[in-house]
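Throughout, protein chains are lettered first and strands after them, A, B, ... in sequence-line order, and every chain is numbered starting at 1. All values below were derived from every heavy atom in this structure, side-chain atoms included, with hydrogens, water molecules and symmetry-related copies excluded.
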There are 2 protein chains.
Amino acid sequence: MKRISPNEAWTGVADCLNCNIRQSVLFSDLSEADFDLVHRPIDQLTYARGAEIYGMGEKATSLFTIRTGLVKLTRFLPDGTHRIVRLLRKTDIIGIESIVSDSYSHSATALHPTELCRLPVGTIRELSNSNSRLFHELMSRWHRALSEADRWITEFSTGPSRDRVVRLLLWLSEVEPDGRCELFSREDLGAVLGLTTETASRMMAELKRQGYISEPHTNQFLCDIPNLRRLVA
Amino acid sequence: MKRISPNEAWTGVADCLNCNIRQSVLFSDLSEADFDLVHRPIDQLTYARGAEIYGMGEKATSLFTIRTGLVKLTRFLPDGTHRIVRLLRKTDIIGIESIVSDSYSHSATALHPTELCRLPVGTIRELSNSNSRLFHELMSRWHRALSEADRWITEFSTGPSRDRVVRLLLWLSEVEPDGRCELFSREDLGAVLGLTTETASRMMAELKRQGYISEPHTNQFLCDIPNLRRLVA
DNA sequence: CGGTGGATTGACCTTCCTCAAAGCGTGTGG
DNA sequence: CCACACGCTTTGAGGAAGGTCAATCCACCG
C-alpha cells in the first residue's frame, strides 16, 4: 500500500458557479446574486490516503463537500474500541453538524485520495437565512445522512459476516460502473462491519475463491453484482 | 402482559401555549403570533402498547412529538429480517422525515402506552419559512436524531452481547430517577441489539443473578447504575 | 535482496445461535 | 374459585459462527 505522507494540501479557490458537480452539490440552487454574499473564499483541499480531515470533539468551523475520494467517520467508545459509523463519497457532505454544534461528532479520515471543498460554517449560516432553497437542501442532507445511518444499522451491523461484507461491496459498487469498486484495508473493513480484521479477510478470500469477486489490482475489485445480490436477497 | 386492543385514540386538541413540556418541544421558541399561523388543529393521540403509529413507506403527512411513552422505529430488510433502529421517548420527534420526504422511512410502534401530539407537516413547512428559530430548532432535531443513530451503531451494535444489554439499560435509565427503568419484550430487546430473543433473555437473567439489576414488578427494573457503568467502561 | 507492514491462513476456543422443553403469569371459561 | 390455555420467558444441550493468537505469505520499498 502506497503511504504518502498523510497530509493535506491547498489546491485552489473553488469556482462554485462553474463547479463540475454543481448539480448535486449543496449550492446547486444558489444564484449568482447569492454567491456575492459569500465573502470568504471557498478553498479546495486535497488529502492523501490516511490523512485526518478533522478529529472528534475538535472545534467545528467548516463543513466539507467531497469532490472525489472516500472518507470514513469514526467514533470511539469509552472502553477504547472504535467503529466506523459512515463512509462518504463524491457529492456527500461531512461535518454538517457544525451548523448546530460547536464540535465535530466524529473524526474524519480519507480512505482514498480525496478532494474537498471547505465551506466555512458562517457562510452557510448567513446564506441559509436568506435562501430558503438552501434551507431545504440542508434538510435533505440531514435526511440523507440519517438514511445512511439507518442503512448502516440494518445492512452493515445485522446478520452473518458474509452478508455484511457482500452488502458493503454492493454499496461500494453503487457509484462505479460495471461492478468495479475500490476497497481499503481489512482493518477498516472490519471496523465498518463490526468484525475482526481476520474475519473480514476470510470472507473476502472466500468470495474470491467462489468467483463472486476478482481482484485485478490490489484493492481494485470486480464484483459479480447480480449474483452477490442473490446472496443477500 | 396486559394486552389492550392495540389501537389509537384521539384525546383532545393540544394547547401548545400552555404545554407542560413546552420548553423542550419543537415549538418552544414560537410566539403567540406564530401560533396564529397554525390553522389546522394539533391533535393529541393515545396509543396502547403494541399499536402501530405509522408504517414504513406510508405517505408521510405528519410528524409527532412524544409527550409520554416509548416508541420503536423498525426497518425491514429484503430478506425478511428486521431491526429496531431507534427508540424514542418524551420530547423526541418521530416522522421528522415527512418534512423532506413523501413517505415514512420506518414503521413506528408504541412499546409502552404512549401519548403523542400530531403536527401536520404543512404547518411545520409554513412556519419554518417565516420563523428562523423554528428552522434552527429543526436542524437541532436532525442533529439529535443523527447522534442517536451513531450511538445505536457504536453502543448497541458493537461488542459482546452482555455489554450491549448493559448499555441499553443505562440508556433507558437516563431519563428516570434512581436507576429505575421500564423494559419491554425480550424479542424487541433482541431486535434493538442485533441478538436473538434467547441471548437477550440469558443476559438479563445473568445480570439479575449477579445483582446488577432487580425486577420488583414485571419489566420494571432497578439498575445498579455505577456498577453497570463499570462493566462497560 | 532483505526488510517491513498488511493480508492470509490455521488451530483452537469462546460466544452466540438453533432447536426444543419446561416454567410462569395472566386471563378465560367451566 | 379453580383449572386450563395461551403467550412469553427461561433454561438446556449441541452446533455453528466468529474471535483470538500465532505463523506464514506477499507486495512493495528502500
Just list the side-chain donor-acceptor pairs under 3.5 Å for residues 68-79 of chain B, sequence neighbours left out, or say none.
unit_1, atom_1, unit_2, atom_2, d
B:Lys72, NZ, B:Asp188, OD1, 3.0
B:Asp79, OD1, B:Thr81, N, 3.1
B:Asp79, OD1, B:Thr81, OG1, 2.7

Please report, to 0.1 Å, the donor-acceptor pairs under 3.5 Å made by any side chain of residues 223-233 of chain A, with sequence neighbours excluded.
unit_1, atom_1, unit_2, atom_2, d
A:Asp224, OD1, A:Asn227, N, 3.4
A:Asp224, OD2, A:Asn227, ND2, 2.7
A:Asn227, OD1, A:Arg230, NH1, 2.6

Under 3.5 Å, is there an N or O donor on one side and an acceptor on the other linking the side chain of B:Arg209 and the base of D:dT10? no
Short side-chain donor-acceptor distance under 3.5 Å, B:Ser157 and B:Arg83: yes
Calculate the interatomic distance between A:His217 atom NE2 and D:dC28 atom P; express it in whole Å. 11 Å
Provide, to the nearest angstrom, the distance between the CZ atom belonging to B:Arg49 and the P atom belonging to D:dG7. 18 Å
I need the residues from residues 179-199 of chain A with at least one non-hydrogen atom less than 4.0 Å from DNA chain C; give them sorted by number, or say none. A:Ser185, A:Arg186, A:Glu198
Does the base of C:dG10 carry an N or O that pairs as donor and acceptor with the side chain of A:Arg202 under 3.5 Å? yes
Is the shortest heavy-atom distance from the side chain of B:Arg167 to the side chain of B:Arg151 under 4.5 Å? no
Taking the six-membered ring for Trp, are A:Tyr104 and A:Phe64 parallel (under 30°), tilted (30 to 60°) or perpendicular (over 60°)? tilted
Per nearest nucleotide of DNA chain D, the residue lying toward the 5' end, B:Glu215 or A:Gly159, is B:Glu215
From the list D:dC28, D:dT10, D:dG18, which nucleotide is the closest neighbour of the side chain of A:Ser161? D:dG18
Separation of B:Phe221 atom CZ from D:dT9 atom C1', in whole Å? 11 Å
Whole angstrom is fine here: how far is it from CE in A:Met204 over to C1' in D:dC26? 16 Å
Value in whole Å for how far the C1' atom of C:dA7 lies from CG of A:Leu207: 16 Å
If you compare all heavy atoms of B:Leu111 against all heavy atoms of B:Arg49, which two are closest, and at what distance to 0.1 Å? O-CG, 3.1 Å
Go through D:dG18, D:dC28, C:dT9 for me and flag the one nearest to the A:Met203 side chain. D:dG18
Rounded to the Å, how far apart are B:Asn219 CG and D:dC8 C1'? 10 Å
Which of parallel (below 30°), tilted (30 to 60°) and perpendicular (above 60°) describes A:Trp152 and A:Trp171? perpendicular
Whole-Å gap separating C1' (C:dT15) and CZ (B:Arg162): 13 Å
